[in-house]
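The structure appears below as structure tokens.
Given the structure is predicted, the values throughout are model-derived calculations rather than measurements. What's counted below: heavy atoms across the whole structure, side chains too, no hydrogens, waters or symmetry copies.
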Amino acid sequence: MKKVSLAVLFACCALAMSAQDAIRVKYQGAKPNIMDFSWAYLFDDIENEEECDQEAFAGVRHALSQYRERLPQEEGSTLTVDLKNGYILYEWEDENNSKKTEMCYWNESDGKHKLFAYNTWYYVDGKPALGQYDGLTFWRYNNATKKMSMCQAPGFEVEYQNTTYSLPRVGKDIIVTKWDDKGRKKQKTLKWNGRGFTSK
């Protein structure tokens, strides 16, 4: 019963986190990169957001700010920014607890849109603990309007019960990991098809 309650709690908070209108992505040059998408998503309308949003994004926001200022990350935190592959990874560790946040984007086959993903999971002793802010969300960016709007997971339903997701740093597919109560795991691949994902 407790796990179901946590899933409901996450869903409510995820709705609050995602209740923003279309987000304008500001950038320099010919097209936006992963830092532009991530910065727009994390810092849009920050003055008016709920406390839930502030808690959910605090660590990764600080890490991105440190990166932009070319300052070292805080102890226990690491940030990987791969502009070439359109991927960012923020990791935090403290004794037996850890958090992993990924962001990336895909160019859609119509040449008019990009798909941005924000993925975050909390772990205890190396196993997912379904923290209140855990989840995977997607935003579709329109090249013409330079704005992105939240969309459903394209081609699949995001699960929370004993399930985590890994975004691609190299390649285009998402890896889904299912965990049992003993910490054993099974994986499957969600293959990118140019607009969404199909299960392999």
Side-chain angles (χ1 to χ4, degrees), residues 6 9-27 32-106 114-124 126-141 148-151 153 158 160 163-170 174-175 177:
L6 281 172
L9 178 62
F10 163 75
C12 293
C13 196
L15 286 174
M17 289 166 59
S18 306
Q20 301 159 302
D21 295 327
I23 297 172
R24 177 168 292 280
V25 179
K26 299 176 183 177
Y27 61 93
N33 62 36
I34 188 59
M35 273 296 289
D36 300 319
F37 287 120
S38 301
W39 196 268
Y41 175 69
L42 290 167
F43 289 91
D44 178 71
D45 201 27
I46 192 171
E47 300 85 4
N48 299 316
E49 72 184 12
E50 301 292 328
E51 185 177 342
C52 174
D53 298 334
Q54 294 172 8
E55 291 179 13
F57 296 141
V60 67
R61 277 179 174 162
H62 182 71
L64 284 180
S65 297
Q66 293 292 97
Y67 176 84
R68 272 200 167 181
E69 297 294 323
R70 299 185 180 183
L71 297 172
Q73 297 297 325
E74 291 193 354
E75 185 176 352
S77 298
T78 59
L79 183 73
T80 302
V81 178
D82 186 342
L83 295 177
K84 179 181 176 183
N85 290 303
Y87 177 86
I88 289 176
L89 171 63
Y90 165 73
E91 293 177 289
W92 168 86
E93 279 189 37
D94 180 17
E95 297 181 355
N96 299 330
N97 305 311
S98 63
K99 183 178 181 180
K100 177 180 176 181
T101 299
E102 300 174 294
M103 292 167 277
C104 74
Y105 74 93
W106 296 259
K114 301 180 193 302
L115 185 69
F116 169 78
Y118 179 86
N119 180 47
T120 188
W121 299 93
Y122 186 77
Y123 299 83
V124 175
K127 295 181 284 189
L130 193 60
Q132 106 184 67
Y133 305 122
D134 289 1
L136 171 62
T137 57
F138 291 91
W139 292 71
R140 180 159 280 117
Y141 174 77
M148 61 181 183
S149 301
M150 189 183 181
C151 62
V158 177
Y160 299 102
T163 305
T164 57
Y165 297 82
S166 296
L167 302 181
R169 178 173 180 177
V170 178
I174 294 174
I175 303 299
T177 303

Working note: Y118 + F57, criterion ring pair (Phe, Tyr, Trp, His ring centres under 6.0 Å); need CA distance, chi angles, decisive distance, verdict. CA-CA 11 Å; Y118 179 86; F57 296 141; 5.5 Å; yes
What residues form a side-chain contact (heavy atoms from CB on, under 4.5 Å) with A153, not counting sequence neighbours? F138, F156, V158
F37 and V25: CA distance, side-chain angles, deciding distance, side-chain contact (heavy atoms from CB on, under 4.5 Å) verdict: CA-CA 6 Å; F37 287 120; V25 179; 4.0 Å; yes
Residues forming a side-chain contact (heavy atoms from CB on, under 4.5 Å) with S149, sequence neighbours excluded: A22
According to ring pair (Phe, Tyr, Trp, His ring centres under 6.0 Å), who are the partners of W92, at least two apart in sequence or on a separate chain? none
Check side chain to side chain donor-acceptor pair (under 3.5 Å) between S65 and all other residues, then give those that pass, not counting sequence neighbours. none
Let me have the donor-acceptor pairs involving side chains of residues 70-77, under 3.5 Å, with sequence neighbours excluded, atom names and distances please.
| from | atom 1 | to | atom 2 | distance (Å) |
| --- | --- | --- | --- | --- |
| Q73 | NE2 | A63 | O | 3.0 |
| E74 | OE2 | H62 | NE2 | 3.1 |

Any pair counted as salt bridge (Lys or Arg N to Asp or Glu O under 4.0 Å), so long as it reaches residues 84-102, sequence neighbours left out: none
Salt bridge (charged side-chain N to carboxylate O under 4.0 Å, His left out) partners of R24, counting only residues at least two apart: none
Residues at least two apart in sequence or cross-chain that pass side chain to side chain donor-acceptor pair (under 3.5 Å) with S38, listed by chain then number, are none
Applying the ring pair (Phe, Tyr, Trp, His ring centres under 6.0 Å) test to F116, which of Y105, Y87, Y41 qualifies? Y41
Got a sec, which residues hit ring pair (Phe, Tyr, Trp, His ring centres under 6.0 Å) with Y90, two or more places apart in sequence or on another chain? none
Roughly how far apart are L167 CG and I174 CD1, rounded to 0.5 Å? 5.5 Å
Set of residues satisfying side chain to side chain donor-acceptor pair (under 3.5 Å) with respect to S98, sequence neighbours excluded: none
What pairs with N85 under side chain to side chain donor-acceptor pair (under 3.5 Å), at least two apart in sequence or on another chain? D82
